[in-house]
Amino acid sequence: MTTITRTPTVGELASRSLAAVRILEEHGIDYCCQGRRSLDEACREKGIDPGALISEVSAAEASPDRSARDWTQAPLAELVEHILTAHHFYLRGELPLLERRLAAVLDAHQERHGEMLRALAAVFAALKAELESHMGKEEVILFPFVVRAERMVNSGLWSSPPPFGSVRNPILVMEHEHDSAGRALEKMRALTGGYAPPPEACNTWRALYDGLAALERDLHVHIHLENNILFPRALAMESAGRG
Ligand SMILES: [Fe+2]
Ligand SMILES: [Fe+2]
């Protein structure tokens, strides 16, 4: 576990453990796309005492059922494997299911709720297309490079730079796309009133909102693991390898 002596950023606090992630979520603090903000600033905005929040995180981490792998220390190859199996695999299964559920809800309720549901479907379709292309780039270019680079650095064989120059270049693109996904999630949350189904909503509609809320939670953790842990560690490894 990382010991933080100065005022941490939100991302640094979230990187300590999944318990920290859960506490930040409970307080409605964005720890992935807004992870570089100082914890003080984020807490001020929410009217929370940052010291009390850190104590809450420490207490949660001390509870054995909330313990989790410390990804700030684990080998990058294991972190990449975890992102692929826990998050990319989830998205590849869930995105088409949600798309079908959304189409069914739109079909059944377009008379009274057509405008909102069409807007929701448009944001979701753009997010789905972007995420599919985004994951492809991570899986084919960035992640294999990180895994290979870690192996070479560990064996003292680090030599030629990757074909894209520096790992910083694909990382900047990925971060830009994460911001875009974050904005799409905000739009969907706003359109649906925080995923609150209207009283007349059918079961499919309720399942759609449950699924979209779960997608939001999962993407926040997924983007956090990449923006706040994998990418900074890959950049640090690259500069150490080059040095
Ligand atoms: Fe990813
Ligand atoms: Fe990503």
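Read the numbers this way: they start at 1 and go in the same order the structure lists the ligands and their atoms.
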* Asked: Would you say His134 reaches the Fe ion (ligand 1) with an N/O/S atom under 2.8 Å?
  ->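 No.
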
* Any N, O or S atom of His87 closer than 2.8 Å to the Fe ion (ligand 1) ->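 Checking His87: none of its N, O or S atoms is under 2.8 Å.
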
* To do: Work out the angle at the Fe ion (ligand 1) between NE2 of His222 and NE2 of His88, rounded to 10°.
  =>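 An angle of 90° at the metal.
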
* Asked: Do you see a donor-acceptor pair shorter than 3.5 Å between the side chains of Glu226 and His87?
  ->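 Judged by distance alone, the side chains do not pair up.
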
* To do: Could you tell me whether Glu26 and Arg22 make a salt bridge, using a distance below 4.0 angstrom between a side-chain N and a carboxylate O?
  =>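 No salt bridge links Glu26 with Arg22.
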
* Asked: Taking the N/O/S atoms of His178 one by one, which is nearest to the Fe ion (ligand 2)?
  ->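 Looking at His178, the N, O or S atom with the least distance to the Fe ion (ligand 2) is NE2.
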
* Name of the Glu138 atom (N/O/S only) found closest to the Fe ion (ligand 2) -> OE2

Polar side-chain atom of [X] near backbone of [Y] as donor-acceptor pair, under 3.5 Å:
X: Arg101; Y: Ala207; answer: yes
X: Asp30; Y: Cys32; answer: yes
X: His27; Y: Ile48; answer: no

* To do: Just give me the atom name: the N, O or S atom of Glu226 closest to the Fe ion (ligand 1).
  =>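 Nearest N/O/S atom of Glu226: OE2.
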
